[in-house]
Amino acid sequence: MKSVGILGMPLSGKTTLFEILLQGAGHPGRGEQVGVVRVPDPRVDRLSAMYRPKKTTYAQLQFVDPGASLGEASRPGDRKADRLGVVRNCEALLVVVDAFSGPPGGAARQWSDVESELILNDLAIVENRRERLAKELRVGRKEGEREHALLVQCHERLEAGHALRRETFAAEDARMLKGFQLLSMKPCLVVWNRGDADPGPLPDPGTGALGVELKVLTEREVVALPPEERQAFRAELGVAEDGLALIIRKCYELLGLISFFTVGPDEVRAWTLRRGSSAVDAAGEIHTDLARGFIRAEVVSYDHLMAAGSHAKAREQAQVRLEGKEYRVQDGDVIEIRFNR
Ligand SMILES: Nc1nc2c(ncn2[C@@H]2O[C@H](COP(=O)(O)OP(=O)(O)OP(=O)(O)O)[C@@H](O)[C@H]2O)c(=O)[nH]1
Ligand SMILES: [Mg+2]
């Protein structure tokens, strides 16, 4: 399951956003919270209506509220820096920026402060490791040469104020850096937490990041209502999209995620993959045995299946294809893996 860590300055609205994501089920407070969110997908609902399975399973995304903030917890050398440890292991960051309380331009400044914090945090880690490697190189241990050169390069970029997500690294270098879990290298969704007032121009957060505006407090009021009353209240407020659906859609876009489906009388289920993944990756997502014994994938697109009305009809219309290991899975593919036990 992919996980997203929520970061931001103190009182920017992180915990309120976490409560929205959990649809009111979170516990307000200052502690660390981990929540698993069901990815809403009307395609799953329609597949479930078609197959009437015993069980319907939506894709899931995990969100983490570390209960700590940047600014107060990430100064290099500060023991409290560990409080961001839970976020470090996440695939992506969700940064909440206060765009409700400050003067116009305040949000842009806060975002730039957040970037500086992430960069400072990474600098401490990179410096530490670089110095250790330099010592080893001095005594003639050369294995760390490439890593050292890479860290010198990262250090320069960070010192110049560049988040590492803006850089492109060779595959081997990216692999080497992965273990450090550098915060400024992670893809980042910036949530501009707005009020009713115009927050002024909001900056483009640049390569590797996406920005989205959300009235966090308003949305929190909406999800405090019973589910059946939310739509009407949203309409009254003139809010077009459900906040949870919006954030999840943006996380998928940021991480380049797609969904594929497995269907049958027992279960209709949505699965998550990175765009560009192969049929054998899809098999591995379901079970390692399916990847190991992979023979073929039987694939029909969701749209073709719906247009045909049933799997049998889709087959008659020659819309069900047999694909090999290398097939690039498309968003919305309905897949059955044929495999050797
Ligand atoms: N006016 C206004 N207040 C907000 C908004 N979002 C959050 N707040 C208020 O700001 C305070 C902090 O919100 P939280 O969601 O707890 O913020 P946080 O970032 O988790 O705070 P810490 O974890 O303490 O750093 C609460 O009193 C919220 O009601 C907003 O969009 N507008
Ligand atoms: Mg909080």
Side-chain angles (χ1 to χ4, degrees), residues 3-37 62-75 78-88 90 92-118 120-121 183 186 188-202 205 211-225 230 233-234 236-247 250-251:
S3 64
V4 180
I6 304 176
L7 284 181
M9 291 300 178
L11 303 181
S12 53
K14 300 179 294 298
T15 302
T16 312
L17 181 66
F18 181 83
E19 286 167 20
I20 293 167
L21 295 171
L22 290 195
Q23 301 286 282
H27 302 282
R30 294 198 45 91
E32 170 190 324
Q33 307 185 73
V34 178
V36 173
V37 168
Q62 180 171 284
F63 289 91
V64 178
D65 176 3
S69 300
L70 289 169
E72 65 178 18
S74 70
R75 308 229 179 271
D78 185 340
R79 281 188 304 118
K80 279 191 289 182
D82 282 339
R83 288 170 61 194
L84 299 180
V86 275
V87 168
R88 212 171 273 296
C90 292
L93 301 181
L94 187 162
V95 169
V96 184
V97 174
D98 175 350
F100 58 86
S101 74
R109 245 189 326 276
Q110 184 167 109
W111 164 242
S112 128
D113 290 345
V114 166
E115 277 286 54
S116 307
E117 291 282 342
L118 299 178
L120 266 179
N121 195 293
L183 295 177
K186 292 183 191 290
C188 180
L189 179 64
V190 183
V191 176
W192 306 108
N193 179 12
R194 319 187 21 170
D196 289 322
D198 180 2
L202 299 169
V212 60
E213 292 180 36
L214 185 67
K215 291 183 179 177
V216 169
L217 211 55
T218 305
E219 185 64 24
R220 183 69 189 87
E221 282 170 35
V222 175
V223 301
L225 293 173
R230 290 177 192 164
F233 188 43
R234 256 195 207 98
E236 211 173 290
L237 295 168
V239 179
E241 192 174 10
D242 169 331
L244 169 64
L246 172 68
I247 297 291
K250 288 288 172 182
C251 286

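Start at 1 and go down the list; that is how both ligands and their atoms are numbered. Residue numbers run from 1 in the order of the sequence given.
The residue among N193, T15, L214, D196 with a heavy atom at the shortest distance from atom 6 (N) of ligand 1 is N193. Considering each of L217, L17, L7, I20, the one bringing a non-hydrogen atom nearest atom 29 (O) of ligand 1 is L217.
Exactly one of L118, V114, V190 qualifies for a side-chain contact (heavy atoms from CB on, under 4.5 Å) with L93. That residue is L118.
For the side-chain contact (heavy atoms from CB on, under 4.5 Å) test, residues two or more places apart in sequence or in another chain that qualify with L237 are T218, V222, F233, V239. In this view, P10 and S69, E72 satisfy the side-chain contact (heavy atoms from CB on, under 4.5 Å) rule, not counting sequence neighbours.
Taking distance alone, with nitrogen or oxygen atoms compared against 3.5 Å, G13 approaches ligand 1 more closely than that limit.
Between Q23 and L244 the shortest side-chain heavy-atom distance falls below 4.5 Å. The shortest distance between side-chain heavy atoms of F100 and S12 does not fall below 4.5 Å.
Proximity of S12 to ligand 1 is established by a heavy-atom distance of less than 4.0 Å. By the 4.0 Å heavy-atom criterion, S69 is counted among the residues contacting ligand 1.
Put simply, T15 gets within reach of the Mg ion (ligand 2), with an N, O or S atom under 2.8 Å from it.
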